[in-house]
Protein chains: 2
Amino acid sequence: MVRKSTSKETARKPNMREAILAAAEELFATNGFNAVSVRDIAHAAGANPGSVTYHFKTKDGLLLEIYRRHCGPMNLRRSELLAAARRVRDLQDRLEAVVRAYVVPAFTSGSDLAGGGARFTRLRAVMSAEGNEVARKIIAQTFDDTSHAFIDAVHESLPHIPRADIVWRSHFLLGALYYSLVTPDRVSRLSRGEADGSDAASAIEQLVQATVAAFQAPALDQAAPARRRPAVSSKT
Amino acid sequence: MVRKSTSKETARKPNMREAILAAAEELFATNGFNAVSVRDIAHAAGANPGSVTYHFKTKDGLLLEIYRRHCGPMNLRRSELLAAARRVRDLQDRLEAVVRAYVVPAFTSGSDLAGGGARFTRLRAVMSAEGNEVARKIIAQTFDDTSHAFIDAVHESLPHIPRADIVWRSHFLLGALYYSLVTPDRVSRLSRGEADGSDAASAIEQLVQATVAAFQAPALDQAAPARRRPAVSSKT
DNA sequence: ATGCAATTTGTACTATCGTACAAAAGATCA
DNA sequence: TGATCTTTTGTACGATAGTACAAATTGCAT
């Protein structure tokens, strides 16, 4: 194949479609859907506004395509890791492996899409916060299966914990995961430089450790504010 | 100046300013900042678009005023509860009280503002996700003191845990808290009706329980070498 | 009632939004 | 090469955005 470049290095355009998708991902993930205009995206991608319409018809269509590209690979990776985690014999180790199978694909690249894992997860976090309709539909029908599989796997390792409690705690996990990707600078700031919020490896380890402990907490067998039962040492 | 507030009917339109603030809060918290127009807000408040300009000058000014009204009372309530929590003698109980002091004001009304606690927290979550500039400035200069006080209080109860770890875990707490307010329906859906995601009391108890356990997890540097970690491929 | 300041209304201006569409440019192959 | 299809460009249109501003209205002290 003969490449004729060396003229413009402003992001070679062998595939303008990809450039638009990448630019849109980044802009949506950092500024939200409505704050970003089609012209912003086109400019960031070095493309013409009309080109966005040509490839994706509408702005919603562009968002839809971003989801379509990532959901498959990420869910595939998750179920592979989850299947491997289920085969871990030690119960304690298995729980950690299960949590890791859920967390790692969200932070790292799922396939050949360059560094797209964390970016796409951040995008999902922002769309979720904005109550984006396009995203809501895709999420419910694409990720609920994965979430149920994850919850079931956790429940297998912790059969004495009610399923509802596990749902709550896995919900907290997703919230923590999202927030870590949305405002990593807050970690750096509050730790006064002792921790780097944008270091994916640290975030994963911290999140896995904290989440495993949270899952292992005693169950809330009563919704009543009648304090805890003496599961762990209590005072008087 | 003599204020004449004899009428008990405070519902109709004695204060259009308040109605606009409440409507803006609700709309921003559910749809994001950019998705809501000044006309939307005015319509929801039963006011004229020009009235918004009159009271708050700009759309940013409106958001600023929302923050101004809530930050004070919420932080006051938090420091009161935190001070009370610090006086709990039993270390285990104290940790739970400290976490509760952080969580409860975020879910419940902080002052006379009707049911505004959860709504304002949801608003903060959405603004954080959108990377809103107005919100970012206020947050950093208003909530960092409270966050540091909270982190210090947790550290007092868990002196053997490195401060950086506590920062991470309290960051996870805030993320979980935000997400619980942003998409409570997900909890109901994934639990197949066994749990009600929009029940504030349940959310608080579940979050407190899970978070206390997460804080009590062993520190990362002592946990890592001791145990064999399940193999999981991760890239940068 | 009368006057005055505070508030609400109605409207208009400019900027920018998403999107459509025709023309230009590039690619592909008989 | 010329024909045909794909992609990019440039421009335009209607809708809606934030905001300004004058006129109309209201609330209160006199």
Side-chain angles (χ1 to χ4, degrees), chain A residues 1-25 27-28 30-66 127 130 132-135, chain B residues 1-25 27-28 30-66 127 130 132-135:
Chain A
M1 241 198 240
V2 183
R3 286 243 165 260
K4 58 164 237 177
S5 54
T6 66
S7 53
K8 305 292 186 191
E9 71 283 19
T10 56
R12 322 161 266 155
K13 12 167 115 175
N15 207 347
M16 189 61 93
R17 195 185 135 96
E18 297 297 317
I20 294 171
L21 278 169
E25 248 180 68
L27 287 172
F28 286 158
T30 51
N31 301 106
F33 184 76
N34 293 283
V36 178
S37 71
V38 173
R39 286 167 176 83
D40 290 338
I41 296 166
H43 182 259
N48 189 282
S51 200
V52 177
T53 305
Y54 171 73
H55 284 290
F56 307 101
K57 198 64 185 171
T58 68
K59 197 183 172 188
D60 277 358
L62 173 55
L63 182 62
L64 199 69
E65 183 56 28
I66 292 173
M127 294 304 110
E130 286 188 315
N132 185 285
E133 267 310 310
V134 175
Chain B
M1 275 209 196
V2 183
R3 271 266 151 238
K4 183 179 181 179
S5 59
T6 55
S7 150
K8 293 179 183 177
E9 279 286 320
T10 56
R12 231 25 269 174
K13 32 200 246 179
N15 208 346
M16 189 61 93
R17 195 184 136 96
E18 298 296 321
I20 293 171
L21 280 168
E25 249 180 68
L27 287 172
F28 286 159
T30 51
N31 301 105
F33 184 76
N34 293 283
V36 177
S37 72
V38 173
R39 287 167 175 85
D40 290 338
I41 296 166
H43 181 260
N48 189 284
S51 201
V52 177
T53 305
Y54 170 72
H55 285 290
F56 307 101
K57 197 64 185 172
T58 68
K59 198 183 171 188
D60 276 358
L62 173 55
L63 182 63
L64 200 70
E65 183 56 28
I66 291 174
M127 294 304 111
E130 287 188 316
N132 185 286
E133 266 310 309
V134 175

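Since this is a predicted model, take the numbers as computed values, not measurements.
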What integer distance in Å separates [X]:[atom1] from [N]:[atom2]?
X	N	atom1	atom2	answer
Ile20(A)	dG18(C)	CD1	P	14 Å
Asn48(A)	dT7(D)	CG	P	15 Å
Asn34(A)	dT16(D)	CG	C1'	13 Å
Asn15(A)	dG26(C)	CG	P	18 Å
Leu63(B)	dT19(D)	CG	P	12 Å
Glu18(A)	dT8(D)	CD	P	12 Å
Lys59(A)	dA20(C)	NZ	C1'	17 Å
Asp60(B)	dG18(D)	CG	C1'	10 Å

Exercise for the section: Answer yes if the side chains of Asp40(B) and Ser37(B) hold a donor-acceptor pair under 3.5 Å, and no otherwise. Expected result: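 Distance-only check passes for Asp40(B) and Ser37(B).
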Problem - From Tyr54(B) atom OH to Met16(B) atom CE, the distance as rounded to the nearest 0.5 Å - result: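 It is 13.0 Å, given to the nearest 0.5 Å.
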Handout entry: Polar side-chain atom of Lys59(A) near backbone of Phe33(A) as donor-acceptor pair, under 3.5 Å
Key =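 Yes, Lys59(A) side chain to Phe33(A) backbone: donor-acceptor pair under 3.5 Å.
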Can a side chain N or O of [X] be found less than 4.0 Å away from OP1 or OP2 on [N]?
X	N	answer
Tyr54(B)	dT8(C)	no
His55(A)	dT6(D)	no
Ser37(B)	dA17(D)	yes

Handout entry: Closest to the Ser51(B) side chain, choosing from dG18(C), dT9(D), dT8(C)
Key =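 Closest nucleotide among those given: dT8(C).
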Handout entry: Glu65(B) vs Lys57(B), salt bridge (Lys or Arg N to Asp or Glu O under 4.0 Å): CA-CA, chis, key distance, verdict
Key = CA-CA 11 Å; Glu65(B) 183 56 28; Lys57(B) 197 64 185 172; over 6 Å; no
